[in-house]
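Before any comments, here is the structure.
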Number of protein chains: 2
Amino acid sequence: MNSEIEKIRDYFIEIAGSMAGNLGLNSIAGQMYALLYISSEPVSLDEITDILKVSKGNVSVNIRVLERWGAVKKVWVKGSRRNFYKANEDILEIIKNRIKEGITKRTKEIDSELSRAEEMLQSAGKQLNKEDKKITDVYKQKIADIKKLSAKVEGLLRII
Amino acid sequence: MNSEIEKIRDYFIEIAGSMAGNLGLNSIAGQMYALLYISSEPVSLDEITDILKVSKGNVSVNIRVLERWGAVKKVWVKGSRRNFYKANEDILEIIKNRIKEGITKRTKEIDSELSRAEEMLQSAGKQLNKEDKKITDVYKQKIADIKKLSAKVEGLLRII
DNA sequence: CTTTGCGTTTAGAATGTTCTAAACATAGAA
DNA sequence: TTCTATGTTTAGAACATTCTAAACGCAAAG
């Protein structure tokens, strides 16, 4: 491959890496995805190692992260014992899935913890004076509001 | 304040902190916001220091982060020289603003970098053989696709 | 069975983030 | 002016993440 083209490819990879870094993701994972995305042929793990100049351990770990996200897919290449990968090109879908997965997992956890807090409020409520009763009432209201918010967010996710 | 109530408050704060941590945000900022959110009265910086058991430097830095996000607001309390804060209770709005701000900033940057890559492709294209021409054509297509995606994301933001 | 090629795991180095404690700045009180 | 109360900045400690190099495991080739 012409080295001028390589420069362009590497520039593209660099953009993707810093983009990923900005979003709080691992920038090597971003670079790896970009390399697979821009390549018309499947790429092997050691080609990734070569092109990105990172250790194969690093590549090994991050390719599995990308696989778990559904961002890349292993493909079989006739006559080679190596693992080759190609990108899932539907980036929007990848992002959506990651957001959905992350948020539904968390809203569930948080809801159950908030319910626990509500129980605590309930059982504490019995032996309180007027002043403290007022505070717990505020707490109840706020916690209920957060639960509503959480339901709303889940609803939003469904329509995306 | 009754210590039973304090326990509940602190549990709520803890939930918020771990939620923030999960989302890649600073968990102290999350705890601070939660404290202000659950409190019916404005809270001063040294009360935050006391309740969360973190240094005042830490509180000073994170309160400005929260202010920048529009998540909290300084309020004046008669007869005190301290700075008091209250939470902006519209959490969904805070989240939306942060997402919008972050993404529009980035899509702009990325678009301009991609345009730069397109220029490089354009000027490289002149002196290429058939094989390399094919590669640059693929690159052009992919970069154009990403630009389309970026426009689509910005569109999505506008309707949220 | 032994060797080779390839991916995975792991220990610890390198780097990045967040936190504290202390120095500092500043406005108001005395 | 000097002292006090308050918030900010900063140097570096504590902690967390990411990376590499090397050891390891295993399947295919010889």
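Not measured: the values here are computed from a predicted model. All chains are named by letter (A, B, ...) in the order of the sequence lines, taking the proteins before the strands, and each is independently numbered beginning at 1.
- Within a 6.0 Å radius of NZ in A:K134, other residues, nucleotides and ligands contribute 12 heavy atoms or fewer.
- In this model, the phosphate group of C:dT8 is not approached by any side-chain N or O of A:N58 to a distance below 4.0 Å at OP1 or OP2.
- Looking only at side-chain heavy atoms (C-beta outward), B:K96 and B:I91 stay at 4.5 Å or farther from each other.
- Between B:R82 and B:D46, at least one side-chain N (NZ, or NE/NH1/NH2) sits under 4.0 Å from a carboxylate O, which counts as a salt bridge.
- Distance from the side chain of B:K56 is smallest for D:dG7 among the nucleotides D:dG7, D:dC19, D:dT9.
- One interatomic measurement links the two molecules: CD1 of A:I28 to P of D:dT17, which rounds to 17 Å at whole-angstrom precision.
- In this structure, B:K73 fails the cation-pi test against B:Y85, since its NZ or CZ atom is not both closer than 6.0 Å to the six-membered ring centre and inside 45 degrees of the ring normal.
- The nucleotide whose nearest atom lies closest to any side-chain atom of A:R81 is, among D:dA29, C:dG28, D:dA21, D:dA29.
- The listed nucleotides are D:dG7, D:dT20, D:dA29; the one nearest the side chain of B:R82 is D:dG7.
- When each of D:dG7, D:dT8, D:dT20 is scored by its nearest atom to the side-chain atoms of B:N83, the top-ranked nucleotide is D:dG7.
- Here the side chain of B:S55 is nearest to one of D:dC19, C:dT20, C:dT18, namely C:dT20.
- No engagement by A:K74 is indicated, since no non-hydrogen atom pair under 4.0 Å with the nucleic acid exists.
- Rounded to a whole Å, the CE atom of B:M32 is 11 Å from the P atom of D:dG7.
- Nearest to the side chain of B:V54, among C:dT20, C:dT8, C:dT18, sits C:dT20.
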